[in-house]
Number of protein chains: 2
Amino acid sequence: MQEQAIIKSSISKQIAEQLRNAIVSGRFKSGERLPTEDELATRYGVSRATVREALKRLAAQNLVRSRRGPAGGNFVNQPTHAELAESLSGAATLLVGLGALDIEEIVEARRTLQGGCLKLAVVNASQEQIQDVETALQLQKDPALSDEAFCDADVAFHRGLVDASNNGMVRFVMYSIIEALVPITNMVVSYVKDRREIIAFHEGLLLALQQRNEEGLESALDALLDYLMERFSVAQAQRKQHAS
Amino acid sequence: MQEQAIIKSSISKQIAEQLRNAIVSGRFKSGERLPTEDELATRYGVSRATVREALKRLAAQNLVRSRRGPAGGNFVNQPTHAELAESLSGAATLLVGLGALDIEEIVEARRTLQGGCLKLAVVNASQEQIQDVETALQLQKDPALSDEAFCDADVAFHRGLVDASNNGMVRFVMYSIIEALVPITNMVVSYVKDRREIIAFHEGLLLALQQRNEEGLESALDALLDYLMERFSVAQAQRKQHAS
DNA sequence: TTTATGCTATTTGTCTGACAAATAGAAGTC
DNA sequence: GACTTCTATTTGTCAGACAAATAGCATAAA
């Protein structure tokens, strides 16, 4: 006898909750196919439209994927690291966009948490991971890159750096900070046309990682953050002037 | 001339993207009302059902809230800290539930990142925040608490600790780790019936915070994690035995 | 035998139109 | 003035339909 309580939220939301619980608790395993929408509809005694709204809620959380066709359906999605990073970065950019986080806070957070992360990296980084970082840096060096592509490459570089920590949770967490920093990099890159300095910092980081030199890594990253903050305030001032 | 590319994703997903961008970029301000579903439908040239699926995707991210009635509609939602924490914890528990993160990783992440966080806390914690931590601990001491309530109080205590860092981004990030640790605490609490040890560790943490003793904080937290890990492996072994 | 082609059934994606439910505001009533 | 009632607006849900993708099978061609 479960107390189903008097529920005030919409049916589609409740169904989304139930399905979500079923997935998280393992009643539907990863990769498995959910019942068809029609069947869910009859099972819950609602229309397909309602079921679909529930499924779309889950899809927004990358919990289900859907495919059409006879072998299609709604599948429990094992979120890839990329998708996780995407949803995290979504949350982070949202916070920045809504002004719930300010730039100083984000930079401070990065400074605060990077130490431990880098410590892990120098211990755990595999040769392959170091190679990945190097590759990312090479890509970033291409002068033909648009500003946007340069920033993407920048994100890839920093992600590579935290990937080297070889810890999924740390990665999960640091990705969101990296993403939150994107607006800064963006502004600096587009106002300060010179990319060489950023590249130089990155080369320093890579070198220190290759030498497994923790202190070098920390000071290089600190210097990069100093540089970004300084240029950022300049760019911000310029933009303010333009606006006036 | 924008290259609109050949788009392969569903219309409702695209609309969700567009609305999301409009919100994040500030074209719809926080608290503002979006156009009615009917209007969005005609504006995008799709049916209301499609618009609704898009809106439900956003609702799942706590980006919009909806109310019925003449003064109702879909509103841009400034996510509260609680809602953010909720969606983060959702992501974290999901990861743990799906087995994408294992316990050792999470504990290692906590060890890795706590240092910086505590450093901030000893510097920035306000009297009020210290008081909040103390209150949370008092609540946790109530022997009448159910196991579940005890774990909730545990989460509240640790959240209070990271709140003391006074940095929104750090908080955002550490909340997810705290949440990911819940399954451990849960298991330890329900198998090892003695709560006094956990409470004792927490008292040590509180005291060190009050004294703004960073090293004390770190070692206390380390000890707590050691304790949890040890009890956790015991509990896990017991459970395995039961299962066999 | 192998490859190519088309058919068919299944499932999600979208549309249409309708009604139910909530509710803010106006109008009417005492 | 306080209360009730009515009305218009908007989201929530429903039912049924068709479009689009696609896996599997049958068939035809090489």
Side-chain angles (χ1 to χ4, degrees), chain A residues 4-20 22-23 28-78 83, chain B residues 4-20 22-23 28-77:
Chain A
Q4 204 59 8
I6 37 161
I7 309 169
K8 191 59 182 175
S9 74
S10 71
I11 298 179
S12 74
K13 191 165 187 177
Q14 293 171 52
I15 293 182
E17 289 288 334
Q18 289 197 33
L19 287 176
R20 184 177 208 286
I23 292 173
F28 291 115
K29 281 164 201 150
S30 179
E32 194 175 336
R33 208 192 89 168
L34 304 182
T36 67
E37 295 176 352
D38 271 317
E39 185 168 339
L40 285 174
T42 57
R43 191 178 296 185
Y44 283 111
V46 300
S47 75
R48 191 159 80 94
T50 304
V51 168
R52 280 182 62 78
E53 289 187 4
L55 286 170
K56 290 321 156 201
R57 291 177 129 104
L58 300 181
Q61 302 167 40
N62 273 315
L63 263 169
V64 300
R65 257 176 340 187
S66 54
R67 278 204 320 268
R68 286 203 267 213
N74 290 281
F75 296 84
V76 178
N77 188 24
Q78 169 86 275
E83 284 168 333
Chain B
Q4 204 58 8
I6 38 164
I7 309 169
K8 191 59 180 172
S9 73
S10 71
I11 298 179
S12 75
K13 191 166 186 176
Q14 293 171 51
I15 292 182
E17 289 288 331
Q18 289 196 35
L19 287 176
R20 185 178 206 286
I23 292 172
F28 291 115
K29 281 161 204 153
S30 180
E32 193 174 337
R33 206 191 90 165
L34 304 182
T36 66
E37 295 177 351
D38 271 318
E39 184 166 339
L40 285 174
T42 59
R43 190 178 295 185
Y44 282 111
V46 299
S47 75
R48 190 160 80 95
T50 304
V51 169
R52 281 182 60 80
E53 289 188 3
L55 287 170
K56 291 320 155 203
R57 290 179 130 100
L58 300 181
Q61 302 168 42
N62 274 314
L63 265 170
V64 300
R65 259 174 334 176
S66 53
R67 278 207 317 268
R68 285 202 268 213
N74 289 281
F75 296 84
V76 178
N77 187 24

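Because only heavy atoms are used, hydrogens play no part in the values below, and waters and symmetry mates are left out as well, while side chains stay in. Chain letters run A, B, ... following the sequence lines, proteins first, then strands; residues in each count from 1.
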Check: Which nucleotide, dT23(C), dT22(D), dT12(C), lies nearest any side-chain atom of P70(A)?
Finding: dT22(D)
Item checked: Nearest heavy atoms of L34(A) and V76(A), plus distance in Å -> CD2-CG2, 4.0 Å
Margin query: Less than 4.0 angstrom between a side-chain N/O of S66(A) and OP1 or OP2 of dG13(C), yes or no?
Written below: yes
Checklist line | Least distance between heavy atoms, R57(A) atom then S12(A) atom | finding: NH1-OG, 2.8 Å
Note to self: Just the rounded figure in Å: distance from C1' of dT23(C) to CZ of R68(B).
What the structure shows: 10 Å
Checklist line | Contact summary for G72(B) and R33(B), nearest pair of heavy atoms | finding: O-NH1, 3.0 Å
Next item on the list: Rounded to the nearest angstrom, tell me the gap between atom CD in E37(A) and atom C1' in dA15(D).
Entry: 15 Å
Note to self: Would L19(A) and Y44(A) count as a side-chain contact (heavy atoms from CB on, under 4.5 Å) here? Give the steps.
What the structure shows: CA-CA 11 Å; L19(A) 287 176; Y44(A) 283 111; 3.8 Å; yes
Checklist line | Nearest-nucleotide comparison on DNA chain D, the residue closer to the 5′ end among R67(A) and G69(B) | finding: G69(B)
Notebook entry, point to check: Choosing from dT14(C), dT12(C), dG12(D), which nucleotide comes nearest the side chain of S12(B)?
Noted result: dT14(C)
Next item on the list: Please determine if K56(A) and E53(B) form a salt bridge, counting it only when a charged side-chain N lies under 4.0 Å from a carboxylate O.
Entry: no
Note to self: By the 4.0 Å heavy-atom rule, please label R65(B) as base, sugar-phosphate, or nothing.
What the structure shows: nothing
Check: What's the CG-P distance between L34(A) and dT11(C), to the nearest Å?
Finding: 13 Å
Next item on the list: Write down the distance between CG (D38(B)) and P (dT10(D)), rounded to a whole number of angstrom.
Entry: 8 Å
Item checked: Verdict with reasoning, N77(B) to L58(B), per side-chain contact (heavy atoms from CB on, under 4.5 Å) -> CA-CA 10 Å; N77(B) 187 24; L58(B) 300 181; over 6 Å; no
Next item on the list: Would you tell me if any nitrogen or oxygen in the side chain of N74(B) comes within less than 4.0 Å of OP1 or OP2 on dT10(D)?
Entry: no
Next item on the list: Kindly point out which of dT13(D), dA23(D), dA24(C) is positioned nearest to the side chain of I11(A)?
Entry: dT13(D)
Notebook entry, point to check: Can you tell me how far C1' of dT14(C) sits from NZ of K13(B), to the nearest Å?
Noted result: 17 Å
Notebook entry, point to check: Do any of residues 44-59 of chain A sit with a heavy atom less than 4.0 Å from DNA chain C, and if so which?
Noted result: R48(A), R52(A), K56(A)
Margin query: Rounded to the nearest 0.5 Å, what separates atom CG in L63(B) from atom CD1 in I23(B)?
Written below: 5.0 Å
